[in-house]
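Worksheet: the structure to be examined is printed underneath.
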Amino acid sequence: QVQLVESGGGLVQTGGSLRLSCAASGRTFSSYAMGWFRQGPGKEREFVAAMRTRDSTSYADSVKGRFTISRDNNNNTVYLQMNSLKPEDTAVYYCAANPFRIYRSGNNPYWGQGTQVTVSS
């Protein structure tokens with residue numbers, strides 16, 4: 001069982017930056033694939049980024065070059081650094097975990113409660 005708690009959301013102006021954190025419980029965190037998803041107002045949840053190891057990352061085209069996923073296995077935490085934020089990045093951001101791989105479809109067994117990110121124009 002893995003429990004995930006996101007933090008770091010907030011209100012930022014266009015062009016600004018935020019760093020989201022996702023703290024995970026469990027002693028096997030380092031073996032899990034971790035990911036970030038988001039759900040904007042009136043939209044379906046969508047994949048943002050995923051990471052298994054330092055050399056194994058993937059991003060949605062809409063955030064590539066602006067967002068960076070990273071993890072600290074010593075502190076059981078995964079991060080999402082978001083730069084050059086746009087109003088269309090406004091969403092609730094969710095952390096996800098999967099012992100095998102992160103499925104972009106969203107079919108992952110463990111989820112956090114979400115953290116709101118609002119980008120003002």
Side-chain angles (χ1 to χ4, degrees):
Q1 188 75 9
V2 175
Q3 293 184 325
L4 305 172
V5 179
E6 302 97 334
S7 61
L11 174 64
V12 64
Q13 292 185 334
T14 297
S17 298
L18 280 176
R19 188 176 79 155
L20 305 183
S21 300
C22 173
S25 65
R27 290 176 289 179
T28 58
F29 171 79
S30 62
S31 68
Y32 276 68
M34 301 297 297
W36 288 94
F37 290 74
R38 67 186 182 186
Q39 186 167 16
K43 299 180 180 179
E44 294 186 353
R45 185 174 59 189
E46 64 177 358
F47 168 79
V48 175
M51 181 176 198
R52 186 166 181 89
T53 65
R54 185 178 303 177
D55 298 323
S56 178
T57 60
S58 63
Y59 297 91
D61 288 344
S62 59
V63 306
K64 203 171 293 184
R66 300 188 299 122
F67 290 11
T68 303
I69 188 171
S70 62
R71 66 191 297 164
D72 180 348
N73 289 334
N74 291 326
N75 290 306
N76 283 13
T77 302
V78 64
Y79 302 98
L80 185 68
Q81 177 66 43
M82 304 186 297
N83 299 328
S84 302
L85 283 162
K86 305 174 182 179
E88 51 263 44
D89 294 318
T90 294
V92 177
Y93 282 72
Y94 297 92
C95 177
N98 191 313
F100 306 109
R101 53 167 289 194
I102 291 297
Y103 291 95
R104 295 193 179 204
S105 64
N107 188 22
N108 303 293
Y110 304 110
W111 293 88
Q113 83 290 348
T115 185
Q116 176 70 48
V117 171
T118 302
V119 184
S120 63
S121 57

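Because the structure is predicted, anything quoted here is derived from the model rather than measured.
Of all the heavy atoms in Glu6 and Trp36, the pair that sits closest is CG-CZ3, 3.9 Å. Here the closest heavy-atom approach between residue Asp72 and residue Asn75 is recorded as OD2-ND2, 2.7 Å. Summarising the geometry of Pro87 relative to Ser121, their closest heavy-atom pair is CG-CB, 3.9 Å, with the distance given to 0.1 Å. Tyr94 and Gly112 get closest at one heavy-atom pair: CD2-O, 3.6 Å. Of all the heavy atoms in Cys95 and Val78, the pair that sits closest is SG-CG1, 3.8 Å. When all heavy atoms of Val2 and Ala24 are compared, the pair lying nearest together is CG1-CB, 4.3 Å.
Remark: Glu46 pairs with Arg38 by the side chain to side chain contact (heavy atoms under 4.5 Å, CB included) rule, at least two apart or across chains. Not counting sequence neighbours, the partners of Thr118 by the side chain to side chain contact (heavy atoms under 4.5 Å, CB included) test are Leu11, Thr90, Gln116. Applying the salt bridge (charged side-chain N to carboxylate O under 4.0 Å, His left out) test to Glu88 and every residue at least two apart in sequence or in another chain returns nothing. Not counting sequence neighbours, the partners of Ser84 by the side chain to side chain contact (heavy atoms under 4.5 Å, CB included) test are Arg66. Applying the side chain to side chain contact (heavy atoms under 4.5 Å, CB included) rule to Thr68 yields the partners Tyr59, Gln81; only residues at least two apart in sequence or on another chain are considered. Applying the salt bridge (charged side-chain N to carboxylate O under 4.0 Å, His left out) test to Arg101 and every residue at least two apart in sequence or in another chain returns nothing. Partners of Asp61 by side chain to side chain donor-acceptor pair (under 3.5 Å), not counting sequence neighbours, listed by chain and number: Lys64.
Between the CZ atom in Arg52 and the OG atom in Ser31 there is a gap of 6.5 Å [rounded to 0.5 Å]. Remark: Met34 CE to Thr57 OG1 distance equals 14.5 Å, nearest 0.5 Å. In this structure, the separation between CD1 on Ile102 and CZ on Phe47 is 8.0 Å, given to the nearest 0.5 Å.
A salt bridge (Lys or Arg N to Asp or Glu O under 4.0 Å) check over residues 105-121, counting only residues at least two apart or in different chains, returns nothing. The stretch residues 102-112 participates, sequence neighbours left out, in these side chain to side chain donor-acceptor pair (under 3.5 Å) pairs: Asn98-Asn108.
A 4.5 Å side-chain heavy-atom check between Val5 and Gln113 finds at least one atom pair inside the cut-off. Inter-residue side-chain proximity for Met82 and Leu80 is flagged as met; some heavy-atom pair is nearer than 4.5 Å.
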Report all side-chain donor-acceptor pairs from residues 12-23 shorter than 3.5 Å, counting only partners two or more places apart or in another chain.
| unit_1 | atom_1 | unit_2 | atom_2 | d |
| --- | --- | --- | --- | --- |
| Thr14 | OG1 | Ser120 | O | 2.7 |
| Ser17 | OG | Asn83 | OD1 | 2.9 |

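A cation-pi arrangement is absent between Arg71 and Tyr32, since the terminal nitrogen or guanidinium carbon is not both under 6.0 Å from the aromatic centre and inside a 45° cone about the axis.
Val117 and Phe37 are members of different hydrophobic clusters when ILVMFWY side chains are connected at heavy-atom separations under 4.5 Å. Under the 4.5 Å side-chain heavy-atom criterion for ILVMFWY residues, no single connected hydrophobic cluster contains both Leu85 and Tyr79.
Ser25 contributes a side-chain N or O that, together with a main-chain N or O of Gln3, makes up a donor-acceptor pair within less than 3.5 Å.
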